[in-house]
Amino acid sequence: RLRKWQRRIRVSNATERNLAFALSELDRMASALGLPRNVRETAAVVYRDAVDKNLIRGRSIEGVAAAALYAACRQCSVPRTLDEIAEVSRVSRKEIGRTYRFISRELGLKLLPTSPIDYVPRFCSGLTLKGEVQSRAVEILRQAGERELTSGRGPTGVAAAAIYISSILSGERRTQREVAEVAGVTEVTIRNRYKELAEKLDIEIIL
Amino acid sequence: MSFNPEDSLKIENIVASAKVCDSLDLPTLAAEIKGAEYNKKRFPGVVLRMTDPKIAALVFGSGKVVLTGAKSIESLNRGLEILGGLLRDLKIDIPDDLTYKIQNIVTSADLGTPINLNKIAVGFNLDRIEYEPEQFPGLVYRLEEPKVVVLLFGSGKLIITGGKQPEDARGAVQKILSDLSNLGMI
DNA sequence: GCTTTAAAAAGTAACAT
DNA sequence: ATGTTACTTTAGAAAGC
């Protein structure tokens, strides 16, 4: 009856309102992170799929939106770390990570672990390093992957170390501190990773 | 003879629960037993730390207790006996034949060979595995039989947790080894 | 879901020297 | 630059918020 219609309208309004809020949140976070439109669209699709499968129950819209954005970045090969997503979200890194695992499994996203290579373009541009340095860093990472030097190591740390080495080999040296800054890791991590890469890949680094 | 992963199995921690009586006065326990910690605001149980077998006990007002830290069934038995003794010293009626239930056993082991976690993340059953090196260096593998969770590291060392029988860890290692060989690794 | 306990694995972080 | 301590992950129980 009329009552039933009113309820449907209410639900519909609430659903639309929530979706609008989620989409604006995605846009706000994406802008803050300088993410391209395709990532925002991918995130919106992931979020809508999550809504359609009732994955929002017991979770905050912001948490699911942040997790959807994190997943979208990885799907589009322009990864952001959970810490970076958390910085522009009101939700904690832990909550985002937990929600990501959940929706990732429920939606069958099957995302492979983030590759250090996907961080190279962003970190290099942040250091104003040219394509040649990027290519060399990618080649180092490719070899590192084959030699099992990336198992269990943080993708950002390995990428940062490869870029550090590449910048020196290319005569466009960047300090550990500069690389650490854009990569969001500590200088100690870059030191540990680059020493391991240099040693096991037989790369001679002359400082 | 080659390296035997099963010989490297080592129990690192056992968690067990028990009921020692029908009720306990926590404030009294905290005051009478030296070293006892009790902050009702922080946690509803009294924390008791034993040294001989290094075990920590969480004692609740309901008479239920949780023992953690034991590295063997023997030390776990000893720990419960010692706890019973401490309570009896306070004139509390505690039965002589205390029983407990093991809730979780944490075991460490070593496959003896480095493992490429990235390859496993591709070859294994994707929905039973979680591998997020950005967050944690170990690959999380949930087994159905035995029902345990394994943390596998690139070094080839691993942690088996969630099991209730000491032998669950052995079964898990055998499972991991067969899965690995089936995929052409190891 | 959180709080507290214990313990291992390997990587990374924070702070001190 | 190195050293120490500490946090990440896993499981599980307990009583209560």
Side-chain angles (χ1 to χ4, degrees), chain A residues 58-60 63 81-83 92-95 97-98 101 150-158 160 176 180 183-193 195-196, chain B residues 8-20 24 26 37-50 53-71 75-76 79 100-111 114-115 117 130-143 147-164 168-169 172:
Chain A
R59 263 162 282 267
S60 69
T81 63
L82 284 176
D83 281 325
S92 71
R93 191 219 72 222
K94 189 166 188 171
E95 174 69 22
R98 179 187 304 147
R101 286 180 212 168
T150 60
S151 269
R153 276 107 192 174
T156 54
V158 184
Q176 293 180 4
V185 296
T186 63
E187 295 171 65
V188 177
T189 293
I190 291 190
R191 209 168 291 142
N192 292 333
R193 292 300 129 239
K195 283 180 181 173
E196 182 175 53
Chain B
S8 69
L9 289 167
K10 180 188 177 190
I11 292 179
E12 303 286 358
N13 182 28
I14 299 178
V15 179
S17 58
K19 192 170 196 316
V20 298
L24 289 168
L26 268 25
E37 270 178 53
Y38 184 45
N39 295 294
K40 188 170 185 175
K41 323 278 297 180
R42 194 183 178 203
F43 189 68
V46 170
V47 180
L48 295 180
R49 294 163 203 286
M50 299 166 17
K54 186 170 179 295
I55 290 174
L58 302 180
V59 185
F60 300 86
S62 62
K64 288 185 177 180
V65 155
V66 172
L67 297 174
T68 68
K71 287 186 177 296
S75 61
L76 174 59
Y100 58 79
K101 182 187 180 188
I102 291 180
Q103 303 288 173
N104 180 28
I105 298 178
V106 181
T107 304
S108 63
D110 189 352
L111 297 181
I115 300 297
L117 303 181
E130 281 179 26
Y131 175 47
E132 298 290 337
E134 176 199 322
Q135 179 113 112
F136 186 68
L139 179 150
V140 182
Y141 187 15
R142 291 163 197 284
L143 303 189
K147 187 179 181 304
V148 300
V149 172
V150 176
L151 303 184
L152 184 56
F153 298 85
S155 64
K157 290 189 176 181
L158 55 151
I159 298 297
I160 302 90
T161 186
K164 287 188 161 48
D168 286 345

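Quantities reported herein were computed from a predicted structural model and do not represent experimental measurements.
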B:Lys147 NZ - D:dT10 P separation (whole Å): 14 Å
Partners meeting ring pair (Phe, Tyr, Trp, His ring centres under 6.0 Å) with B:Phe43 (sequence neighbours left out): B:Phe60
Donor-acceptor contact present, side-chain B:Lys19 to main-chain B:Lys64, <3.5 Å: no
Member of B:Leu76, B:Leu58, B:Val15, B:Val106 meeting the side-chain contact (heavy atoms from CB on, under 4.5 Å) criterion with B:Thr68: B:Val15
Gap between atoms CG and C1', on B:Leu48 and D:dA14 respectively (whole Å): 14 Å
d(NZ, B:Lys101; P, D:dA13) in whole Å: 7 Å
Residue closer to the 5' end of DNA chain C, B:Val15 versus B:Lys157 (nearest nucleotide): B:Val15
d(CG, B:Leu24; C1', D:dA14) in whole Å: 13 Å
Contact letters for nucleotides 11-17 of chain C, in which S counts primed atoms plus P, OP1 and OP2 and B counts the base, heavy atoms under 4.0 Å: SSS----
Who pairs with C:dA6 - Watson-Crick or G-U, where each distance is under 3.5 Å: none
Pairwise P distance, C:dT5 and D:dT4 [rounded to whole Å]: 25 Å
Touch class at under 4.0 angstrom, heavy-atom based, for B:Thr107 against every strand present: nothing
Sugar-phosphate only, base, or nothing, as touched by B:Val66 at under 4.0 Å among non-hydrogen atoms: base
Separation of C:dA10 P from B:Leu158 CG (nearest whole Å): 10 Å
Integer-rounded Å distance: C:dA9 P and B:Phe153 CZ: 9 Å
B:Ser8 side chain vs B:Asp110 backbone, donor-acceptor pair below 3.5 Å: yes
Evaluation steps, side chain to side chain contact (heavy atoms under 4.5 Å, CB included), between B:Thr161 and B:Ile105: CA-CA 6 Å; B:Thr161 186; B:Ile105 298 178; over 6 Å; no
Sidechain N-carboxylate O distance under 4.0 Å for B:Glu132, A:Arg101: no
Main-chain N/O of B:Leu117 paired to A:Ser151 side chain as donor or acceptor, under 3.5 Å: yes
Protein-nucleotide distance (B:Ile102, atom CD1; C:dA7, atom C1'), rounded to Å: 15 Å
Nearest-nucleotide 5' precedence on DNA chain D, B:Asn13 against B:Lys64: B:Asn13
Presence of B:Lys40 side-chain N/O under 4.0 Å of D:dG16 phosphate oxygens OP1/OP2: no
Between CZ on residue A:Arg59 and CD on residue A:Glu95, distance to nearest 0.5 Å: 8.0 Å
Nearest-angstrom distance from the residue atom CG of B:Asp168 to C1' of D:dG12: 14 Å
Minimal non-hydrogen separation, B:Gly79 against B:Met50, with atom names: CA-CE, 3.1 Å
5' priority, DNA chain D, between B:Gly61 and B:Val140 [closest heavy atom]: B:Val140
Touch class at under 4.0 angstrom, heavy-atom based, for B:Lys10 against every strand present: nothing
Donor-acceptor contact below 3.5 Å, side chain B:Tyr100 vs main chain B:Val66: no
Closest-nucleotide 5' rank along DNA chain C - winner of B:Leu151 and B:Gly69: B:Gly69
Short side-chain N/O contact from B:Ser155 to OP1 or OP2 of C:dA10, under 4.0 Å: yes
Side chain B:Gln103, main chain B:Ser17, donor-acceptor under 3.5 Å: no
B:Thr161 (side chain) and D:dA11 (base): donor-acceptor pair under 3.5 Å: yes
Any A:Arg93 side-chain N or O less than 4.0 Å from OP1/OP2 of D:dC7: no
Sub-3.5 Å pairs of nitrogen or oxygen atoms, protein against nucleotides 1-4 of chain C:
from  : atom 1 : to      : atom 2 : distance (Å)
C:dC2 : OP1    : A:Arg98 : NH2    : 2.5

A:Arg191 side-chain N/O to D:dT2 phosphate OP1/OP2 under 4.0 Å: no
